[in-house]
Amino acid sequence: MAKNLLIVESPAKAKTIEGYLGKDFTVKSSYGHIRDLVKSDDAINIASNFEQKYEVPADKKAIVSELKKLAKEAETVWLASDEDREGEAISWHLFETLGLKDATTKRIVFHEITKPAILKAIDNPRKIDYNLVNAQQARRVLDRLVGFELSPVLWKKVKPSLSAGRVQSVAVRLIVDREREINKFNAEAAFRIAATFGKGREAFKAELSERYSKQDDAEKFLTDCVPATYKVNSLDTKPAKRSPAAPFTTSTLQQEASRKLGFSVSRTMQVAQKLYEAGKITYMRTDSVNLSDTAINAAKAQIISAYGDQYYTMRKYKTKSASAQEAHEAIRPTYFDVHTVDGDNSEKRLYELIWKRAIASQMSEAQFEKTTAKIGIYTRKEELTANGEVMKFDGFLKVYLESRDDEDNEQDDDNSMLPPLAVGQVLTLSEMTATERYSRPPARYAEASLVKKLEELGIGRPSTYAPTISTIQNRGYVVKEDRDGRTRDFRVLTLKGGNINKETRTENTGAERNKLFPTDIGAVVTDFLVQYFNGIVDFHFTADVEEQFDKIAQGLEEWTDMIRKFYQPFHIEVENTLKVADRATGERDLGVHPESGKKISVRIGRYGPFVQVGDNATEEGDEKPLYASLRAGQMIETITLEDALELFKLPKKIGFFEEKDMTVAIGKFGPYIRHNSAFYSLPKGIDPLDVTEPQAIEIIEAKRVKDAERLIKTFDENPEVKILNGRWGPYIEFEKLNVKIPKGKEPLELTFDEVKALADATPKDVKKGRFGKAAPKAAAAKAPAAKKAPAKKAPAKKAAPKKK
DNA sequence: CAGTGAGCGAGCTTCCGCTTGACTT
C-alpha cells in the first residue's frame with residue numbers, strides 16, 4: 001500500500017498528478033464536495049448560532065467510504081483541493097468526514113497542474129485555513145437562508161414550486177429589466193449621408209458626421225451637392241495597433257463559442273469537459289487568465305518555430321474581475337504542439353478555438369496605418385470623412401486569418417483601403433445617398449451575454465453559469481427562442497448623375513435568434529421581489545456580501561456575526577411580507593369590450609396568462625365570463641386590447657369535409673386545421689382568420705399525398721399501423737405512438753408481431769418525452785426490481801391496456 | 001396543437017457550488 005494518499009477534486013486531475021508522483025502516492029478524487037447541508041428546513045439551527053447539519057448525499061457514499069479506507073491505510077493524507085473558498089471547505093469536510101488526524105494530514109495547494117508546481121506544493125504543506133472555511137460556511141448558509149425562506153413566500157404569494165435565490169433572481173431581473181427598456185425605447189430616425197467617390201478598384205466611401213432628422217434638410221444637402229466639386233482638404237496618417245485578447249476563462253469561452261460556433265452555454269461546457277477528460281485542455285471552469293511558465297514557454301517555442309521570432313511577445317494577463325478566485329490556470333491546450341484533436345466535429349472546432357486564442361495571447365500586436373481624409377464640398381461648409389486602414393504587420397492576427405472566412409463574417413466597411421490620395425486632389429463623385437436610419441434599442445440578452453453581465457456583477461461562479469441559465473428557463477421565468485421582427489419603411493434619397501431620386505424601402509427590424517425573453521411569471525416574480533426584497537435582488541448585493549466574506553477569510557470578522565446581521569432584518573421582511581402582501585397575479589385592465597361594454601383584463605392563472613371578458617360569476621345564474629390563453633410571445637404587460645380580442649376569434653369552424661367539421665386554431669407550433677382528430681399545419685403566409693373551406697380541403701389533401709409518399713409499409717393485421725420515412729429515418733406509427741426502429745433492423749423486413757413488441761416496449765405515459773422528470777424515477781425503480789418477481793409484473797401491466 | 005380560470009386541502013416544491021456519470025428519445 002502506498003504511503004501517501006493525495007486527494008484532489010477532479011478525477012482527470014488525479015490521473016495526471018499520479019503520473020508525476022510515482023508509486024509512493026495514491027492519488028484519488030473527491031468528485032467535488034462530499035457533504036452538504038441536509039435537505040430539510042432544520043439544516044441550520046438559527047437559535048444555536050447558525051449551527052449546521054451536514055450529510056453525505058447518497059451518490060457520494062461510495063466515494064467517501066473508499067477514501068475512508070485508503071486514508072486509514074496511508075501514513076500521510078495530502079488534501080489537495082483547489083486553493084479557493086470552496087476548495088478549502090472541501091478539504092475541511094474531508095478532514096471531518098474521513099476522521100483524519102492533524103499530525104498525519106497535510107494541506108497543499110497549486111494553481112497549475114505541472115510537475116514542478118506539484119512538487120513545490122508538496123515541499124510546502126500547510127494546515128487547513130479555518131478562516132477561509134468559515135467564509136465558505138457563511139456563503140453556504142446565506143444562500144440556503146435566502147433560497148429557503150424566499151421560495152416559500154413565492155409559493156404562497158405567486159405560484160407553487162417557484163424559486164428565488166441570490167443568483168437566479170438577479171439573472172431573471174436583468175432580463176426583465178432589459179425587456180422593459182426595449183419596450184420603452186423610442187426609435188428615432190435620422191438621415192445619414194454617404195458618398196462614393198471614384199470607380200472600380202479606386203472607389204471608396206466617405207461619410208458626413210452630421211445627421212439630419214428632417215428629410216428636408218437631407219434633401220437640401222443633396223441638392224446643394226448637385227453642382228458641387230470635391231477636393232481632398234487634408235490627409236492624416238497615423239500608426240495604430242491591436243493587441244490580442246487574454247486566453248479563455250469559462251465566461252469568455254462561452255461567449256466566443258456562442259458567437260463563432262453557435263454553441264449554447266451548456267453545449268460549450270459539455271464539449272470542453274470531453275476535451276479536458278481526454279487530456280487535451282486544462283480545466284474548463286476557471287476565472288483566471290493566467291498561464292503557467294511551462295505553458296508560456298511551450299507557446300513561445302510553437303510561435304517561433306511556426307511563424308518566426310518577430311511574432312512572439314511574452315504577455316502576462318491580469319484578471320480584471322474583483323470576485324475572481326484564480327484557483328486554476330486559464331483554459332489552454334495541454335500541449336501547444338497539438339494543433340487538432342480527434343473526436344467529433346464540435347470537439348475539433350472548440351479545441352481549435354482554444355488553441356488559437358491561447359497561442360495568439362502570446363503573439364505580437366498587429367500594426368496598422370490609419371488614414372483619415374477630409375473632403376471639402378465646394379457648395380457647403382461641411383466636410384466628408386473617409387477612413388482607411390492598411391495592415392503593416394499581422395502579428396497575432398495571423399492565427400485568426402487562417403480560418404477567417406468561415407468563422408468571422410463581420411466586415412467593417414469603414415476600415416477598408418483607400419486609394420492613394422493627395423491634398424488638393426479633385427475627386428469625382430459617383431453617388432451620394434441620404435439614408436434614413438433608426439436608432440437601436442439595447443440588445444436582448446443571449447445566454448452568453450447574460451453570463452458576461454453576471455460575471456461583471458460578480459454574481460455566480462464558473463461552475464454555475466451554465467446551470468443558472470438552465471434553472472431560470474426550467475422555472476419558466478425566461479424562454480430562449482427566435483422571434484420574427486416587423487417590417488418598417490425607411491426613406492432613401494440618391495444623388496446620381498445630377499438627379500435626386502427618392503424612394504421608400506422596407507427593412508426587417510427586431511428579429512431575434514436564440515435570445516432570452518422574460519415570461520409573465522418572470523416579470524411578476526421580479527416585481528414582487530423588487531417590491532418586498534429589494535436588498536436581495538439589488539445588483540450589488542453579491543458584491544457587498546463578498547466583501548464581508550473576504551473579511552471573514554482574513555480573520556477580521558466572525559462569520560456568525562455577519563450572518564446574524566444579515567438574517568435578523570431579512571427574516572423580519574419575510575414575516576412581514578407573508579402578512580401584508582397580496583397575491584401577485586400581474587393583473588392588468590385592458591379596458592372594456594367595444595360592443596358589449598364588458599370589462600377586459602389579463603392576469604396569470606393556473607394554466608398561465610389569460611384574458612378574461614366580463615366579471616366573475618358570483619351568484620347562481622350570473623353570466624359566466626369568457627377566457628382565452630395568451631399566445632407565445634404575448635405578455636400581460638404589453639398586450640393590446642385589439643390583440644386580446646383577436647384571441648377570441650379562434651378556434652373557428654371553417655366548414656365540412658368528409659362529414660366532419662374543420663376548425664382552424666393557433667397552437668404551440670403555429671396555426672393549424674383540425675379535422676377528424678388530425679392536425680394539419682397551415683402553410684406560412686395564410687392568415688388563419690381568412691382560411692376558406694376549399695383552401696382547407698386542399699391543405700388536408702396535400703398533406704395526405706405527402707404522407708403517402710413517406711409510407712414504406714403497412715400491415716394486413718392492422719391497416720392503421722404504418723412504417724414511415726421521417727426526418728431522422730424510418731419510424732413506426734402505432735396508435736398515435738411514434739416508435740423508433742432499433743439499429744440493425746431493416747424496416748421492410750419487420751413483421752407485425754415485431755412491430756407490436758417494439759410498440760409495447762415504448763413507454764406510453766412519457767408524453768412526447770423530452771428528457772423529463774420520469775428518468776430518475778425509472779432509475780430508482782430499476783434497482784430493487786432487478787431482483788425477482790416484481791420485474792416480470794411491470795411489463796405485463798404496461799402491455800395490458802394497449803390491447804384494446 | 002382541446003378549454004380551462006372559484007375555493008378547499010394534503011403533501012410536494014426551494015438555494016449555490018464543487019464534481020461526474022447514467023439516464024432518455
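Naming convention: chains lettered A, B, ... in sequence-line order (proteins, then strands); numbering from 1 in each chain. In what follows, every heavy atom counts, from backbone to side chain, and hydrogens, waters and symmetry copies are set aside.
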Novice: I want to confirm an ordering. Mapping A:Asp41 and A:Arg461 to their closest nucleotides on DNA chain B, which one lands closer to the 5' end?
Specialist: A:Asp41

Novice: Does the aromatic ring of A:Phe679 sit over the six-membered base ring of B:dC1, closer than 5.5 Å centre to centre and tilted less than 30°?
Specialist: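 Answer is yes, a stack.
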
Novice: Across the strands shown, which category fits A:Gln136 at heavy-atom distances under 4.0 angstrom: base, sugar-phosphate, nothing?
Specialist: nothing

Novice: When you measure from the centre of the six-membered ring of A:Tyr477, is the NZ or CZ of A:Arg475 closer than 6.0 Å and no more than 45° off the axis?
Specialist: no

Novice: With a cut-off of less than 4.0 Å, is there a side-chain N or O of A:Ser151 near OP1 or OP2 of B:dT13?
Specialist: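 For A:Ser151, the contact criterion (side-chain N or O under 4.0 Å from OP1 or OP2 of B:dT13) is not met.
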
Novice: Are A:Lys649 and A:Glu646 close enough for a salt bridge, meaning some N to O gap below 4.0 Å?
Specialist: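 Salt bridge between A:Lys649 and A:Glu646, a charged N being under 4.0 Å from a carboxylate O: yes.
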
Novice: Produce a footprint string for nucleotides 3-9 of chain B: one letter per nucleotide, 5' end first; B if the base is under 4.0 Å from any protein heavy atom, S if only the sugar-phosphate is, - if neither.
Specialist: SBBS---

Novice: Does A:Glu546 pair with A:Arg85 as a salt bridge, N-O distance under 4.0 Å?
Specialist: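 Between A:Arg85 and A:Glu546 there is a salt bridge, with a charged N closer than 4.0 Å to a carboxylate O.
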
Novice: Salt bridge (Lys or Arg N to Asp or Glu O under 4.0 Å) with A:Arg107: which residues, sequence neighbours excluded?
Specialist: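 Partners of A:Arg107 under the salt bridge (Lys or Arg N to Asp or Glu O under 4.0 Å) test: A:Glu88.
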
Novice: Can you tell me if A:Trp155 is stacked onto the base of B:dT14, using a 5.5 Å centroid cut-off and an angle below 30°?
Specialist: no

Novice: What does the list of N/O pairs under 3.5 Å between the protein and nucleotides 20-22 of chain B look like, with a distance for each?
Specialist:
residue: B:dT20; atom: OP1; partner: A:Ser10; partner atom: OG; Å: 2.5
residue: B:dT20; atom: OP2; partner: A:Gln273; partner atom: NE2; Å: 3.2
residue: B:dT20; atom: OP2; partner: A:Arg285; partner atom: NH2; Å: 2.8

Novice: Within the modelled atom types, does a donor on one side and an acceptor on the other bring the side chain of A:Arg140 and the base of B:dC15 under 3.5 Å apart?
Specialist: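 For A:Arg140, whose side chain was compared with the base of B:dC15, there is a donor-acceptor pair (under 3.5 Å).
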
Novice: Assess whether a salt bridge exists between A:Arg139 and A:Glu86, defined as any Lys/Arg side-chain N lying under 4.0 Å from an Asp/Glu carboxylate O.
Specialist: yes

Novice: Report the secondary structure of DNA chain B in dot-bracket form, marking unpaired bases with a dot and bases paired to a different strand with |, and treating Watson-Crick or G-U pairs with both distances under 3.5 Å as paired.
Specialist: .........................

Novice: Hey, is A:Lys28 close enough to A:Glu66 for a salt bridge, meaning N to O under 4.0 Å?
Specialist: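 Yes.
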
Novice: Output all residues satisfying salt bridge (Lys or Arg N to Asp or Glu O under 4.0 Å) with A:Asp82, sequence neighbours left out; order by chain, then residue number.
Specialist: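 Once residues adjacent in sequence are excluded, the partners of A:Asp82 under the salt bridge (Lys or Arg N to Asp or Glu O under 4.0 Å) criterion are A:Lys13.
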
Novice: Is the closest basic N to carboxylate O distance between A:Lys598 and A:Glu623 below 4.0 Å?
Specialist: yes

Novice: Determine whether any donor atom in the side chain of A:Ser163 lies under 3.5 Å from an acceptor atom in the base of B:dT14, or the reverse, and answer yes or no.
Specialist: no

Novice: Can you list the residues that meet the salt bridge (Lys or Arg N to Asp or Glu O under 4.0 Å) rule with A:Glu149, with sequence neighbours excluded?
Specialist: none

Novice: With nearest nucleotides of DNA chain B determined for A:Ser40 and A:Asp82 from heavy-atom distances, which residue corresponds to the more 5′ nucleotide?
Specialist: A:Ser40

